[in-house]
Amino acid sequence: MLKKTIGVFDSGMGGLTAVQELERLLPDADIVYFGDTGHIPYGGRSRSQLMYMARRNIAFLEERGAGIILAACGTVTSTVLDTLAAETATPLFGVARPAAVRAAGLTKNGVIGFIATEACIASGYNQRLISELLPGAEIVSSACPDFVPLIESGVCSWDDARLRSAIERYLSGIKAAGADVVVLGCTHYPIIAGAINEYLEGRAELVSSSGEAARALAAAIPGASGSGRREYYTSGDAGVFVSTAEKLLGRAPSGPVVSVEPYDIEGI
Ligand code: DGL
């Protein structure tokens, strides 16, 4: 029986969508979460900053006992995770491959929409993965830089005109191309899946990169157990973290939330 603590990190609230699924699959597992709200958004940052921040986040989780780590961030996964995996003893999981596998298996017409942050789209990482799995697939990708700031400010409903107009702007090409599967390549996006679905009029299957990654991680550690310990850390305000989680996910984080000083990224 595996007793390792699972560490999960993201730039903010998005990784909580992976934690929710991990909790459902592994209710007794010990989970420690770091939301780097002090440096959000990650999606417009340089590769060297992402490398530095991901290294710091991994070390932070290791210091708190993590024996296996999920980078619940599409941006980190697609830009620096392979490099970090080669230098980190702790097993690292990302959110790209499980979603690509699911999307390639689900599509009927071979037209797959892929939405994520600017850095993630620019890396071409996920598009390459899908093409390798399904040669000939038409991948229509779209960077959605306004989504993370909107979601972190608590905007997640189709009724909100700001979100509606962002969705129309970012997904019109995907809708026009007739994609029958859309990958939510940023872990924040499952929070607005209802609104995206509304815009696509239910014509595309949405694949959650965080949900798929959580299931892949759980499958890799069958029988994992612990004492159900949950710890949440944020480099932002702990109270804001709790209230935003309540608003976006309908419930408070499942353990204490501790605020830590954001590390310095000046000059990186
Ligand atoms: N949840 C992160 C991702 O999956 C959001 C990145 C950001 O902060 O822009 O990419």
Side-chain angles (χ1 to χ4, degrees), residues 7-22 33-47 49-54 56-58 61 69-82 84 92-100 103 114-127 129 141-156 163 166 170 182-193 196 206-214 216-217 232-236 240-241 244-245 248-249 253 262-263 265 268:
V8 181
F9 74 89
D10 179 37
S11 59
M13 311 299 299
L16 295 179
T17 59
V19 171
Q20 275 194 324
E21 183 64 0
L22 284 172
Y33 184 85
F34 178 55
D36 191 13
T37 326
H39 297 121
I40 201 168
Y42 276 17
R45 292 194 180 274
S46 67
R47 187 182 149 79
Q49 282 184 327
L50 291 167
M51 186 72 85
Y52 181 80
M53 296 190 299
R56 293 288 301 245
N57 299 346
I58 289 165
L61 292 170
I69 291 176
L70 174 62
C73 175
T75 308
V76 165
T77 301
S78 60
T79 54
V80 298
L81 201 68
D82 287 348
L84 291 176
L92 299 182
F93 284 70
V95 295
R97 179 168 287 277
F114 183 83
I115 55 172
T117 64
E118 284 169 297
C120 184
I121 296 292
S123 74
Y125 185 87
N126 300 265
Q127 298 93 314
L129 272 180
S141 60
S142 177
C144 313
D146 291 346
F147 279 173
V148 166
L150 279 171
I151 294 166
E152 287 282 331
S153 67
V155 174
C156 59
L163 183 61
Y170 295 141
V182 175
V183 178
L184 310 179
C186 167
T187 56
H188 278 72
Y189 300 174
I191 293 166
I192 55 165
I196 292 172
L206 303 186
V207 173
S208 159
S209 55
S210 43
E212 296 301 326
L217 188 144
Y232 294 84
Y233 296 89
T234 172
S235 52
V240 171
F241 188 90
T244 310
L248 297 177
L249 300 164
Y263 44 79
I265 56 166
I268 307 282

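For ligands, and for the atoms within them, numbers begin at 1 and follow the listed sequence. Predicted model only: the values in this text are computed from it and were never measured. Note that the numbering runs from 1 along the sequence shown for the chain.
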Do Phe147 and Leu163 come close enough that some side-chain heavy atom pair is under 4.5 Å?
yes

Specify the protein heavy atom at minimum distance from atom 10 (O) of ligand 1: its residue, its atom name, and the distance to 0.1 Å.
Thr75 OG1, 2.6 Å

Hey, could you give me the CG/OG distance between Leu50 and Ser11, rounded to the nearest 0.5 Å?
10.0 Å

For atom 7 (C) of ligand 1, find the nearest protein heavy atom and state the residue, atom name and distance (0.1 Å precision).
Tyr42 N, 3.0 Å

Close approach, Cys120 and ligand 1, non-hydrogen under 4.0 angstrom:
no

Give me the atom names and distance for the closest heavy-atom approach of Thr17 to Thr187.
OG1-O, 3.1 Å

Between Leu150, Leu248, Asp146, which is the residue that forms a side chain to side chain contact (heavy atoms under 4.5 Å, CB included) with Val155?
Leu150

What closest approach, in Å, do Asn126 and Ser78 show between heavy atoms, and which atom pair accounts for it?
ND2-CB, 3.6 Å

Nearest protein heavy atom with distance in Å, relative to atom 2 (C) of ligand 1:
Asp10 OD1, 3.2 Å

Where on Ser11 is there a heavy atom closer than 4.0 Å to ligand 1, on the side chain, on the backbone, on both, or on neither?
side chain

Does ligand 1 come near enough to Thr117 that some N or O of the ligand is less than 3.5 Å from an N or O of the residue?
no

Identified side chain to side chain contact (heavy atoms under 4.5 Å, CB included) partner of Tyr52 from the options Val80, Ile268, Asn57
Ile268

For atom 4 (O) of ligand 1, the closest protein heavy atom turns out to be Gly74 N, 2.6 Å

Do Tyr125 and Thr79 come within less than 4.5 Å of each other through their side chains, counting heavy atoms only?
no

In terms of residue, atom name and distance, what is the protein heavy atom nearest to atom 9 (O) of ligand 1?
Gly43 N, 2.8 Å

Considering only heavy atoms, does Ile40 approach ligand 1 within less than 4.0 Å through its side chain, its backbone, both, or neither?
side chain

